[in-house]
Amino acid sequence: MDILPEETPLWQYIERTAREVAAKYGYDEIRTPTFEPTELFARGVGDTTDVVQKEMYTFEDREHRSFTLRPEGTASVVRALIENGRCSDAMPLKLYYLISCFRYEKPQAGRSREFFQFGTEMFGAAAPSSDATVIALAADIIKALGIKDVVLHINSIGCPDCRPKYREALVEYFSQHTDELCDSCRERLKTNPLRVLDCKSPICSGIAKDAPKTIEHLCDGCHDHFESLKEYLTAMGIDYEIDTHIVRGLDYYTRTVFEFIAGGIGAQSTVCGGGRYDGLMSQLGGPALPGIGFAMGITRLILAMKASGVEIPEKSAPAVYIAPMGPAAAKYALSEVSKLRDKGVYAECDIVGRSLKAQMKYADKIGAKYTLVVGDNELEVGRATLKDMTGGENKEVALDSLSDLFE
Ligand code: ATP
Ligand code: MG
(Lines give C-alpha, C1' and ligand atoms only; values in the text may rest on other atoms or scores of the structure.)
(Ligands and ions follow the chains in the order given, each with its own letter.)
Protein backbone atom coordinates (compact mmCIF):
# COMPACT_ATOMS: atom_id res chain seq x y z
CA MET A 1 0.00 0.00 0.00
CA ASP A 2 1.32 3.44 -0.87
CA ILE A 3 0.83 6.17 1.68
CA LEU A 4 1.70 9.41 -0.08
CA PRO A 5 3.30 12.46 1.58
CA GLU A 6 -0.02 14.36 1.83
CA GLU A 7 -1.40 11.55 3.98
CA THR A 8 1.60 10.73 6.18
CA PRO A 9 1.09 13.62 8.64
CA LEU A 10 -2.29 12.08 9.46
CA TRP A 11 -0.73 8.63 9.91
CA GLN A 12 1.96 10.08 12.14
CA TYR A 13 -0.69 11.88 14.16
CA ILE A 14 -2.65 8.67 14.71
CA GLU A 15 0.47 6.70 15.58
CA ARG A 16 1.65 9.39 17.99
CA THR A 17 -1.75 9.63 19.66
CA ALA A 18 -2.06 5.86 20.07
CA ARG A 19 1.46 5.62 21.54
CA GLU A 20 0.83 8.49 23.94
CA VAL A 21 -2.48 7.12 25.23
CA ALA A 22 -1.05 3.58 25.56
CA ALA A 23 1.90 4.98 27.53
CA LYS A 24 -0.57 6.44 30.05
CA TYR A 25 -1.76 2.89 30.68
CA GLY A 26 1.80 1.61 31.09
CA TYR A 27 2.09 -0.16 27.75
CA ASP A 28 5.48 -0.66 26.09
CA GLU A 29 6.14 -1.24 22.41
CA ILE A 30 7.11 -4.62 20.96
CA ARG A 31 8.32 -5.27 17.40
CA THR A 32 8.26 -8.68 15.79
CA PRO A 33 9.15 -10.01 12.30
CA THR A 34 6.97 -9.34 9.25
CA PHE A 35 6.76 -13.05 8.47
CA GLU A 36 6.78 -16.15 10.62
CA PRO A 37 6.56 -19.92 10.13
CA THR A 38 3.06 -20.68 8.77
CA GLU A 39 2.53 -23.10 11.63
CA LEU A 40 2.44 -20.24 14.14
CA PHE A 41 -0.61 -18.63 12.54
CA ALA A 42 -2.33 -21.96 11.88
CA ARG A 43 -2.14 -22.63 15.63
CA GLY A 44 -2.32 -19.08 16.93
CA VAL A 45 -5.11 -17.74 14.74
CA GLY A 46 -6.83 -21.07 14.22
CA ASP A 47 -7.09 -23.64 11.45
CA THR A 48 -10.81 -23.15 11.03
CA THR A 49 -10.81 -19.36 10.67
CA ASP A 50 -11.27 -17.53 7.37
CA VAL A 51 -7.92 -15.86 7.97
CA VAL A 52 -6.04 -19.17 7.96
CA GLN A 53 -8.18 -20.99 5.43
CA LYS A 54 -8.52 -18.29 2.79
CA GLU A 55 -6.58 -15.16 3.56
CA MET A 56 -2.93 -15.95 4.26
CA TYR A 57 -0.01 -14.96 2.04
CA THR A 58 2.09 -18.09 2.33
CA PHE A 59 5.34 -18.84 0.54
CA GLU A 60 8.22 -21.28 0.61
CA ASP A 61 11.76 -20.08 1.18
CA ARG A 62 14.81 -21.52 -0.56
CA GLU A 63 14.87 -24.44 1.85
CA HIS A 64 11.20 -25.25 1.23
CA ARG A 65 10.08 -24.08 4.62
CA SER A 66 6.62 -22.56 4.72
CA PHE A 67 6.39 -18.94 5.88
CA THR A 68 3.45 -16.55 6.06
CA LEU A 69 3.27 -12.76 6.02
CA ARG A 70 1.64 -11.94 9.35
CA PRO A 71 -2.15 -11.61 9.03
CA GLU A 72 -2.37 -10.20 12.58
CA GLY A 73 -0.13 -9.44 15.55
CA THR A 74 -1.20 -11.47 18.56
CA ALA A 75 0.33 -14.85 17.67
CA SER A 76 3.74 -13.28 17.04
CA VAL A 77 3.69 -11.40 20.35
CA VAL A 78 2.83 -14.56 22.27
CA ARG A 79 5.60 -16.45 20.47
CA ALA A 80 8.10 -13.66 21.17
CA LEU A 81 7.30 -13.67 24.91
CA ILE A 82 7.68 -17.44 25.14
CA GLU A 83 10.85 -17.51 23.06
CA ASN A 84 12.49 -14.68 24.99
CA GLY A 85 11.56 -16.06 28.40
CA ARG A 86 9.41 -13.08 29.37
CA CYS A 87 6.48 -15.00 30.80
CA SER A 88 7.82 -14.72 34.35
CA ASP A 89 8.21 -10.91 34.18
CA ALA A 90 6.13 -8.77 36.55
CA MET A 91 2.48 -9.10 35.59
CA PRO A 92 0.48 -7.78 33.96
CA LEU A 93 2.68 -7.46 30.88
CA LYS A 94 1.33 -4.69 28.67
CA LEU A 95 2.51 -4.40 25.10
CA TYR A 96 1.51 -2.53 21.96
CA TYR A 97 2.57 -2.67 18.33
CA LEU A 98 2.13 -0.74 15.09
CA ILE A 99 2.37 -3.17 12.21
CA SER A 100 1.45 -3.89 8.63
CA CYS A 101 -0.66 -7.04 8.16
CA PHE A 102 -1.41 -9.04 5.04
CA ARG A 103 -4.62 -10.84 4.13
CA TYR A 104 -5.74 -12.10 0.76
CA GLU A 105 -9.25 -10.64 0.71
CA LYS A 106 -11.37 -8.73 -1.76
CA PRO A 107 -10.08 -5.13 -1.69
CA GLN A 108 -12.78 -2.49 -1.10
CA ALA A 109 -13.27 0.67 0.96
CA GLY A 110 -11.86 -0.09 4.41
CA ARG A 111 -10.44 -3.44 3.37
CA SER A 112 -7.08 -3.87 1.68
CA ARG A 113 -4.60 -6.71 1.28
CA GLU A 114 -1.88 -4.91 3.13
CA PHE A 115 -3.28 -2.93 6.04
CA PHE A 116 -2.01 -1.38 9.23
CA GLN A 117 -2.94 -2.08 12.78
CA PHE A 118 -2.35 -0.54 16.14
CA GLY A 119 -2.71 -3.46 18.53
CA THR A 120 -2.29 -4.10 22.24
CA GLU A 121 -1.96 -7.22 24.37
CA MET A 122 -2.12 -7.61 28.14
CA PHE A 123 -0.96 -10.82 29.82
CA GLY A 124 -1.28 -12.11 33.36
CA ALA A 125 -4.53 -10.37 34.33
CA ALA A 126 -7.74 -12.40 34.51
CA ALA A 127 -9.99 -10.13 36.59
CA PRO A 128 -12.86 -8.29 34.85
CA SER A 129 -11.25 -4.98 35.83
CA SER A 130 -8.49 -5.78 33.32
CA ASP A 131 -11.10 -6.23 30.56
CA ALA A 132 -12.57 -2.86 31.53
CA THR A 133 -9.10 -1.27 31.46
CA VAL A 134 -8.30 -2.62 27.99
CA ILE A 135 -11.65 -1.42 26.64
CA ALA A 136 -11.07 1.98 28.26
CA LEU A 137 -7.70 2.23 26.51
CA ALA A 138 -9.31 1.58 23.11
CA ALA A 139 -12.10 4.05 23.88
CA ASP A 140 -9.57 6.69 24.96
CA ILE A 141 -7.58 6.37 21.73
CA ILE A 142 -10.71 6.62 19.61
CA LYS A 143 -11.81 9.67 21.59
CA ALA A 144 -8.38 11.30 21.42
CA LEU A 145 -8.50 10.98 17.63
CA GLY A 146 -11.75 12.97 17.58
CA ILE A 147 -13.97 10.13 16.33
CA LYS A 148 -17.46 10.93 17.55
CA ASP A 149 -19.91 8.59 15.89
CA VAL A 150 -18.82 5.28 17.44
CA VAL A 151 -20.53 2.57 19.47
CA LEU A 152 -18.92 -0.06 21.68
CA HIS A 153 -20.38 -3.56 21.30
CA ILE A 154 -19.59 -6.20 23.90
CA ASN A 155 -20.37 -9.87 24.31
CA SER A 156 -19.17 -12.86 26.30
CA ILE A 157 -18.47 -16.11 24.51
CA GLY A 158 -17.92 -18.21 27.64
CA CYS A 159 -15.06 -20.58 28.31
CA PRO A 160 -14.11 -24.22 27.61
CA ASP A 161 -16.42 -25.20 30.52
CA CYS A 162 -19.62 -23.69 29.22
CA ARG A 163 -18.99 -23.58 25.48
CA PRO A 164 -19.51 -27.26 24.58
CA LYS A 165 -23.12 -27.13 25.78
CA TYR A 166 -23.70 -23.88 23.94
CA ARG A 167 -22.13 -25.31 20.83
CA GLU A 168 -24.56 -28.21 20.94
CA ALA A 169 -27.53 -25.86 21.20
CA LEU A 170 -26.18 -23.82 18.32
CA VAL A 171 -25.60 -26.82 16.05
CA GLU A 172 -29.08 -28.05 16.82
CA TYR A 173 -30.56 -24.68 15.89
CA PHE A 174 -28.62 -24.20 12.65
CA SER A 175 -29.17 -27.81 11.60
CA GLN A 176 -32.81 -26.93 11.12
CA HIS A 177 -31.71 -24.40 8.49
CA THR A 178 -28.86 -26.26 6.76
CA ASP A 179 -30.37 -25.87 3.29
CA GLU A 180 -30.64 -22.10 3.59
CA LEU A 181 -27.10 -21.46 4.88
CA CYS A 182 -24.33 -20.35 2.50
CA ASP A 183 -21.71 -22.92 1.47
CA SER A 184 -19.12 -21.53 3.91
CA CYS A 185 -21.56 -21.67 6.80
CA ARG A 186 -22.55 -25.26 6.01
CA GLU A 187 -18.86 -26.04 6.39
CA ARG A 188 -18.54 -23.84 9.50
CA LEU A 189 -21.41 -25.71 11.07
CA LYS A 190 -19.21 -28.80 11.10
CA THR A 191 -15.85 -27.23 11.96
CA ASN A 192 -16.61 -24.09 13.94
CA PRO A 193 -20.34 -23.35 14.37
CA LEU A 194 -19.80 -20.13 16.33
CA ARG A 195 -18.47 -18.51 13.16
CA VAL A 196 -21.89 -18.84 11.54
CA LEU A 197 -23.01 -16.12 13.92
CA ASP A 198 -20.84 -13.48 12.28
CA CYS A 199 -21.40 -14.46 8.65
CA LYS A 200 -22.03 -11.30 6.64
CA SER A 201 -24.47 -12.91 4.15
CA PRO A 202 -28.00 -11.51 4.66
CA ILE A 203 -29.61 -14.96 4.70
CA CYS A 204 -27.21 -16.43 7.26
CA SER A 205 -27.36 -13.34 9.46
CA GLY A 206 -31.17 -13.45 9.24
CA ILE A 207 -31.15 -17.03 10.49
CA ALA A 208 -28.53 -16.18 13.12
CA LYS A 209 -30.83 -13.50 14.60
CA ASP A 210 -32.89 -16.11 16.44
CA ALA A 211 -30.00 -18.44 17.28
CA PRO A 212 -29.28 -19.33 20.93
CA LYS A 213 -27.10 -16.68 22.54
CA THR A 214 -23.79 -17.35 24.29
CA ILE A 215 -24.71 -15.06 27.18
CA GLU A 216 -27.70 -17.28 27.95
CA HIS A 217 -25.42 -20.31 28.31
CA LEU A 218 -22.62 -18.93 30.49
CA CYS A 219 -21.34 -20.87 33.50
CA ASP A 220 -21.41 -19.03 36.84
CA GLY A 221 -17.80 -17.87 36.55
CA CYS A 222 -18.30 -16.41 33.06
CA HIS A 223 -21.64 -14.89 34.01
CA ASP A 224 -20.16 -13.10 37.04
CA HIS A 225 -17.19 -11.93 34.99
CA PHE A 226 -19.48 -10.38 32.37
CA GLU A 227 -21.70 -8.74 35.00
CA SER A 228 -18.67 -7.20 36.72
CA LEU A 229 -17.30 -5.95 33.41
CA LYS A 230 -20.57 -4.16 32.68
CA GLU A 231 -20.54 -2.57 36.13
CA TYR A 232 -16.95 -1.41 35.71
CA LEU A 233 -17.64 0.07 32.29
CA THR A 234 -20.57 1.99 33.71
CA ALA A 235 -18.41 3.16 36.62
CA MET A 236 -15.84 4.43 34.09
CA GLY A 237 -18.51 6.26 32.10
CA ILE A 238 -18.12 4.04 29.04
CA ASP A 239 -21.37 3.37 27.14
CA TYR A 240 -21.84 -0.03 25.54
CA GLU A 241 -24.36 -2.20 23.76
CA ILE A 242 -24.59 -5.95 24.10
CA ASP A 243 -24.14 -7.60 20.73
CA THR A 244 -24.60 -11.34 20.92
CA HIS A 245 -23.29 -11.81 17.38
CA ILE A 246 -19.69 -10.93 18.09
CA VAL A 247 -17.71 -14.16 18.30
CA ARG A 248 -14.20 -15.43 18.20
CA GLY A 249 -14.99 -19.00 17.42
CA LEU A 250 -11.83 -20.56 18.81
CA ASP A 251 -11.36 -22.54 21.98
CA TYR A 252 -8.68 -20.32 23.39
CA TYR A 253 -10.82 -17.17 23.08
CA THR A 254 -12.72 -16.82 26.30
CA ARG A 255 -15.28 -14.58 27.89
CA THR A 256 -15.13 -10.94 26.77
CA VAL A 257 -15.21 -9.97 23.09
CA PHE A 258 -15.79 -6.43 21.85
CA GLU A 259 -15.86 -4.18 18.82
CA PHE A 260 -16.03 -0.46 18.24
CA ILE A 261 -18.28 0.31 15.27
CA ALA A 262 -18.04 3.69 13.57
CA GLY A 263 -20.89 5.37 11.70
CA GLY A 264 -20.70 6.95 8.25
CA ILE A 265 -17.80 4.89 6.86
CA GLY A 266 -19.63 2.17 4.94
CA ALA A 267 -19.85 -1.57 5.39
CA GLN A 268 -16.37 -2.09 6.87
CA SER A 269 -17.23 -0.20 10.00
CA THR A 270 -15.40 -2.12 12.74
CA VAL A 271 -12.57 0.25 13.64
CA CYS A 272 -11.41 -1.90 16.56
CA GLY A 273 -11.89 -5.55 17.47
CA GLY A 274 -10.67 -7.33 20.56
CA GLY A 275 -11.19 -9.96 23.17
CA ARG A 276 -9.86 -12.19 25.88
CA TYR A 277 -7.78 -15.21 24.94
CA ASP A 278 -6.95 -17.05 28.14
CA GLY A 279 -6.02 -20.26 26.32
CA LEU A 280 -3.72 -18.86 23.64
CA MET A 281 -0.42 -18.72 25.52
CA SER A 282 -0.61 -22.39 26.51
CA GLN A 283 -1.89 -23.31 23.03
CA LEU A 284 1.39 -21.92 21.67
CA GLY A 285 3.53 -23.80 24.16
CA GLY A 286 3.85 -21.23 26.95
CA PRO A 287 2.54 -21.14 30.51
CA ALA A 288 -1.19 -20.76 31.15
CA LEU A 289 -1.18 -16.96 31.25
CA PRO A 290 -4.46 -15.18 30.59
CA GLY A 291 -4.45 -12.51 27.88
CA ILE A 292 -6.64 -9.79 26.47
CA GLY A 293 -6.11 -7.33 23.65
CA PHE A 294 -7.44 -5.51 20.64
CA ALA A 295 -6.42 -4.27 17.21
CA MET A 296 -7.47 -1.15 15.36
CA GLY A 297 -7.33 -0.76 11.58
CA ILE A 298 -5.57 2.53 10.83
CA THR A 299 -7.28 3.12 7.45
CA ARG A 300 -10.67 2.67 9.08
CA LEU A 301 -9.70 5.10 11.84
CA ILE A 302 -8.83 7.60 9.11
CA LEU A 303 -12.21 7.11 7.41
CA ALA A 304 -13.95 7.58 10.76
CA MET A 305 -11.91 10.70 11.56
CA LYS A 306 -12.84 12.19 8.20
CA ALA A 307 -16.50 11.28 8.78
CA SER A 308 -16.30 13.10 12.13
CA GLY A 309 -14.84 16.18 10.43
CA VAL A 310 -11.53 16.00 12.31
CA GLU A 311 -9.05 18.64 11.12
CA ILE A 312 -6.26 16.82 9.37
CA PRO A 313 -2.82 18.08 10.43
CA GLU A 314 -1.01 19.69 7.52
CA LYS A 315 2.53 19.16 6.27
CA SER A 316 4.81 21.60 8.09
CA ALA A 317 6.15 24.66 6.25
CA PRO A 318 9.65 26.17 6.59
CA ALA A 319 10.09 29.16 8.88
CA VAL A 320 12.53 30.66 6.41
CA TYR A 321 13.76 30.06 2.88
CA ILE A 322 17.18 31.49 1.96
CA ALA A 323 17.54 32.35 -1.72
CA PRO A 324 21.25 32.67 -2.60
CA MET A 325 22.60 34.21 -5.80
CA GLY A 326 26.05 32.89 -6.64
CA PRO A 327 28.41 30.39 -4.99
CA ALA A 328 29.52 32.62 -2.09
CA ALA A 329 25.90 33.23 -1.10
CA ALA A 330 25.16 29.50 -1.45
CA LYS A 331 27.87 28.83 1.15
CA TYR A 332 26.24 31.34 3.51
CA ALA A 333 22.78 29.84 2.86
CA LEU A 334 23.93 26.28 3.58
CA SER A 335 25.74 27.20 6.77
CA GLU A 336 22.81 29.32 7.99
CA VAL A 337 20.14 26.63 7.38
CA SER A 338 22.41 24.20 9.29
CA LYS A 339 22.49 26.57 12.26
CA LEU A 340 18.73 26.97 12.13
CA ARG A 341 18.14 23.21 11.91
CA ASP A 342 20.51 22.68 14.85
CA LYS A 343 18.20 24.96 16.82
CA GLY A 344 15.22 22.86 15.78
CA VAL A 345 13.92 25.34 13.20
CA TYR A 346 12.70 24.06 9.82
CA ALA A 347 14.66 26.06 7.22
CA GLU A 348 15.28 25.62 3.50
CA CYS A 349 17.57 27.12 0.88
CA ASP A 350 18.07 26.60 -2.82
CA ILE A 351 19.85 23.32 -3.64
CA VAL A 352 18.66 23.02 -7.22
CA GLY A 353 20.44 26.04 -8.76
CA ARG A 354 17.24 27.84 -9.72
CA SER A 355 16.97 31.42 -10.96
CA LEU A 356 15.92 33.93 -8.32
CA LYS A 357 12.44 34.13 -9.82
CA ALA A 358 12.02 30.34 -9.75
CA GLN A 359 13.34 30.24 -6.17
CA MET A 360 10.74 32.72 -4.99
CA LYS A 361 8.01 30.76 -6.72
CA TYR A 362 9.19 27.58 -5.01
CA ALA A 363 9.41 29.28 -1.59
CA ASP A 364 5.83 30.38 -2.04
CA LYS A 365 4.74 26.90 -3.06
CA ILE A 366 6.22 25.22 0.02
CA GLY A 367 4.64 27.89 2.22
CA ALA A 368 7.84 29.48 3.62
CA LYS A 369 6.89 32.12 6.17
CA TYR A 370 9.95 34.29 5.44
CA THR A 371 12.41 34.52 2.55
CA LEU A 372 15.88 36.03 2.55
CA VAL A 373 17.52 36.91 -0.76
CA VAL A 374 21.32 36.95 -0.47
CA GLY A 375 23.64 38.11 -3.30
CA ASP A 376 27.16 39.57 -3.48
CA ASN A 377 25.91 43.03 -2.38
CA GLU A 378 24.23 41.64 0.72
CA LEU A 379 27.29 39.60 1.60
CA GLU A 380 29.46 42.69 1.28
CA VAL A 381 27.36 44.86 3.63
CA GLY A 382 26.43 41.91 5.85
CA ARG A 383 22.74 42.73 5.75
CA ALA A 384 19.70 41.60 3.76
CA THR A 385 15.92 41.99 3.68
CA LEU A 386 13.85 39.37 5.47
CA LYS A 387 10.61 39.27 3.51
CA ASP A 388 7.41 38.28 5.28
CA MET A 389 5.60 36.05 2.79
CA THR A 390 2.35 36.28 4.75
CA GLY A 391 2.00 39.99 4.00
CA GLY A 392 3.56 41.37 7.21
CA GLU A 393 6.32 43.92 7.34
CA ASN A 394 9.73 43.25 5.81
CA LYS A 395 12.80 43.98 7.87
CA GLU A 396 16.51 44.52 7.45
CA VAL A 397 18.53 41.88 9.27
CA ALA A 398 22.20 41.24 9.96
CA LEU A 399 23.34 38.11 8.09
CA ASP A 400 25.50 36.88 10.95
CA SER A 401 22.64 36.89 13.43
CA LEU A 402 19.84 35.50 11.27
CA SER A 403 19.47 32.34 13.33
CA ASP A 404 18.88 34.45 16.49
CA LEU A 405 15.61 35.63 14.99
CA PHE A 406 14.06 32.15 14.94
CA GLU A 407 13.16 29.89 17.81
P1 ATP B 1 -13.45 -7.75 9.46
O2 ATP B 1 -14.78 -7.78 10.09
O3 ATP B 1 -13.18 -6.44 8.81
O4 ATP B 1 -13.15 -8.91 8.57
P5 ATP B 1 -11.68 -9.04 11.30
O6 ATP B 1 -12.50 -9.65 12.36
O7 ATP B 1 -11.12 -9.87 10.22
O8 ATP B 1 -12.44 -7.78 10.67
P9 ATP B 1 -9.53 -8.46 13.13
O10 ATP B 1 -8.73 -9.63 12.80
O11 ATP B 1 -10.26 -8.39 14.42
O12 ATP B 1 -10.54 -8.15 11.94
O13 ATP B 1 -8.62 -7.14 12.96
C14 ATP B 1 -8.76 -6.00 13.78
C15 ATP B 1 -9.06 -4.76 12.98
O16 ATP B 1 -8.18 -4.64 11.87
C17 ATP B 1 -10.43 -4.74 12.35
O18 ATP B 1 -11.40 -4.32 13.27
C19 ATP B 1 -10.24 -3.71 11.26
O20 ATP B 1 -10.32 -2.40 11.76
C21 ATP B 1 -8.85 -3.98 10.79
N22 ATP B 1 -8.82 -4.83 9.59
C23 ATP B 1 -8.98 -6.17 9.50
N24 ATP B 1 -8.85 -6.60 8.23
C25 ATP B 1 -8.59 -5.49 7.48
C26 ATP B 1 -8.33 -5.26 6.09
N27 ATP B 1 -8.27 -6.25 5.21
N28 ATP B 1 -8.10 -3.98 5.68
C29 ATP B 1 -8.13 -2.94 6.55
N30 ATP B 1 -8.34 -3.11 7.88
C31 ATP B 1 -8.58 -4.36 8.34
MG1 MG C 1 -11.74 -10.28 8.27
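Just follow the structure's listing: the first ligand is 1, and inside any ligand the first atom is 1. Atom set for the values below is all heavy atoms of this structure, side chains included, hydrogens, waters and symmetry mates excluded. None of these values were measured; they are calculated from a predicted model.
- Between Glu7 and Lys306, at least one side-chain N (NZ, or NE/NH1/NH2) sits under 4.0 Å from a carboxylate O, which counts as a salt bridge.
- Using a 4.0 Å cut-off between charged side-chain N and carboxylate O, Arg186 and Asp183 make a salt bridge.
- No more than 12 heavy atoms of other residues, nucleotides or ligands shown are found within 6.0 angstrom of CZ on Arg31.
- With distances taken over non-hydrogen atoms, the option nearest atom 7 (O) of ligand 1 out of Lys106, Arg113, Gln108, Arg103 is Arg103.
- Aromatic pair Phe59/Phe35: ring centres closer than 6.0 Å.
- The shortest N/O to N/O separation between Gln117 and ligand 1 falls below 3.5 Å.
- In the vicinity of Gly110, heavy-atom distances shorter than 4.0 Å reach the ligand 1 atoms 28 (N), 29 (C), 30 (N).
- Looking at Lys395 and Glu393, no side-chain N of the basic residue comes within less than 4.0 Å of a carboxylate O on the acidic one, giving no salt bridge.
- Within a 4.0 Å radius of atom 11 (O) of ligand 1, the protein contributes one or more non-hydrogen atoms.
- With ligand atoms numbered from 1 in the order given, ligand 1 contributes 18 (O) to contacts under 4.0 Å with heavy atoms of Gly273.
- Residue Glu72 places every heavy atom at 4.0 Å or more from ligand 1.
- For atom 8 (O) of ligand 1, the nearest non-hydrogen atom of the protein is Arg300 NH1, 4.5 Å.
- Counting the atoms of ligand 1 from 1 in the order shown, those under 4.0 Å from a heavy atom of Ala295 are 14 (C), 15 (C).
- In this structure, CG in Asp131 is found 9.5 Å from CD1 in Ile154, a value given to the nearest 0.5 Å.
- Summary of contacts: the protein heavy atom closest to atom 20 (O) of ligand 1 is Thr270 O, 2.8 Å.
- The protein heavy atom nearest to atom 28 (N) of ligand 1 is Ser112 N, 3.0 Å.
- Here's the thing with Gly297: one of its N/O atoms is less than 3.5 angstrom from an N/O atom of ligand 1.
- Of the charged side-chain nitrogens involved, none lies within less than 4.0 Å of a carboxylate oxygen, so that Asp198 and Arg188 do not count as a salt-bridged pair.
- At a 4.0 Å heavy-atom cut-off, ligand 1 touches Arg111 through backbone and side chain alike.
- Within ligand 1, counting atoms from 1 as listed, the ones closer than 4.0 Å to a heavy atom of Val271 are 20 (O).
- Of all the heavy atoms of Glu105, the ones lying under 4.0 Å from any atom of ligand 1 belong exclusively to the side chain.
- Listed here is the closest heavy atom pair of Pro287 and Met281: O-CG, 2.9 Å.
- The protein heavy atom nearest to atom 31 (C) of ligand 1 is Phe115 CD1, 3.4 Å.
- A salt bridge does not link Glu168 with Lys165: none of the charged nitrogens is closer than 4.0 Å to a carboxylate oxygen.
- Nearest protein heavy-atom contact of atom 2 (O) of ligand 1 is Lys200 NZ, 4.0 Å.
- Separation of the Tyr96 and Tyr27 ring centroids does not fall under the 6.0 Å cut-off.
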